[in-house]
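Atoms within a ligand are numbered from 1 in the order they appear, just like the ligands themselves.
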Amino acid sequence: MPELPEVETICQALKPVLEGASFQKIQLNRPNLRYPFPVNLESELAYYPISHVRRRAKYILVDFSHGLTLIWHLGMSGRVVVENITATSLKPSPHDHVIFTTSHNYKITYRDPRRFGFLRLSPTNQLGKISPFSTLGPEALNDPKFNAKVFYDRLQSCNISLKNALLNQKIIAGIGNIYASEALWQARLSPLRLTKSLTLTETERLLKELQDVLRRAIAAGGSTLRDHARPNGDIGYFQHEFKVYNRESALCFRCQVFPLSKIIQSGRATYYCIKCQQ
Ligand SMILES: [Zn+2]
């Protein structure tokens, strides 16, 4: 599933292609994905200049100069392929559901085999009032109003396990299952700890490591993007070196003594070291 670093990488790749350009054509190859496509999507957007491409949590937001925003979620398996229209090499697939053609001769293909992704439209100035944006917590990265003290207060306002707190989008936005486990391992905190038991110092450590995990993954995505951009512009997925995720029973990289444990919390797998994470 594309997590925050993947979505951020895709946003960074779309920015130079879309900002200042417009869509000339939006080809929909089926009536819906997770939800039906917005009515008249092409006539609502085509030929209007795109002012910004940005990310909020795991949503790509494309702002248009006439006051509309395209909300794009990549679901479980969404990939985005950017190609110059004069040099396309992508082999068409039955999972290519949306094809955008831009005024600057780019073709952007949205491929999503499991079809959990979606496109929605909203007036830009109403975004903060609609679900899920009205209840989203602060961004883990690059949010000037977010710091360890704010995070601490948010964690103290409930009493749930740390892992579930990181996945709770109302507490902090955009953290998915993989990076929650990775950040807790780096911060040496047990995923089972209750939020109220955390000290401010521990919260500072958690936020620092969480941001470090995300920044390193974004940097890895950027380098993968450069590699991938050469053959076919595929900017959907890349492999990271995970320290705990999917490493059940493998030796912990830190203590080199304990095999990593896998537990299920709220239906999601958590990987951690019982020795290093207290
Ligand atoms: Zn360990």
### Message
Within the supplied structure, the quantity of interest is the number of heavy atoms (other residues, nucleotides, ligands) at a distance under 6.0 Å from His66 NE2; does it exceed 12?
### Response
yes
#### Entry: 4.5 Å side-chain heavy-atom contact, Leu18 and Phe23
yes
### Message
Return the CD to NZ distance between Glu6 and Lys58, rounded to the nearest 0.5 Å.
### Response
9.0 Å
### Query
When clusters are formed from ILVMFWY side-chain contacts under 4.5 Å, directly or step by step, what else is grouped with Leu167?
none
### Message
Do Cys273 and Leu260 have side chains that approach each other closer than 4.5 Å (heavy atoms only, starting at C-beta)?
### Response
yes
### Task
Anything protein N/O/S under 2.8 Å from the Zn ion (ligand 1)? Just list residue and atom, please.
Cys252 SG, Cys255 SG, Cys273 SG, Cys276 SG
### Query
Are the aromatic ring centres of Tyr271 and Phe242 under 6.0 angstrom apart?
no
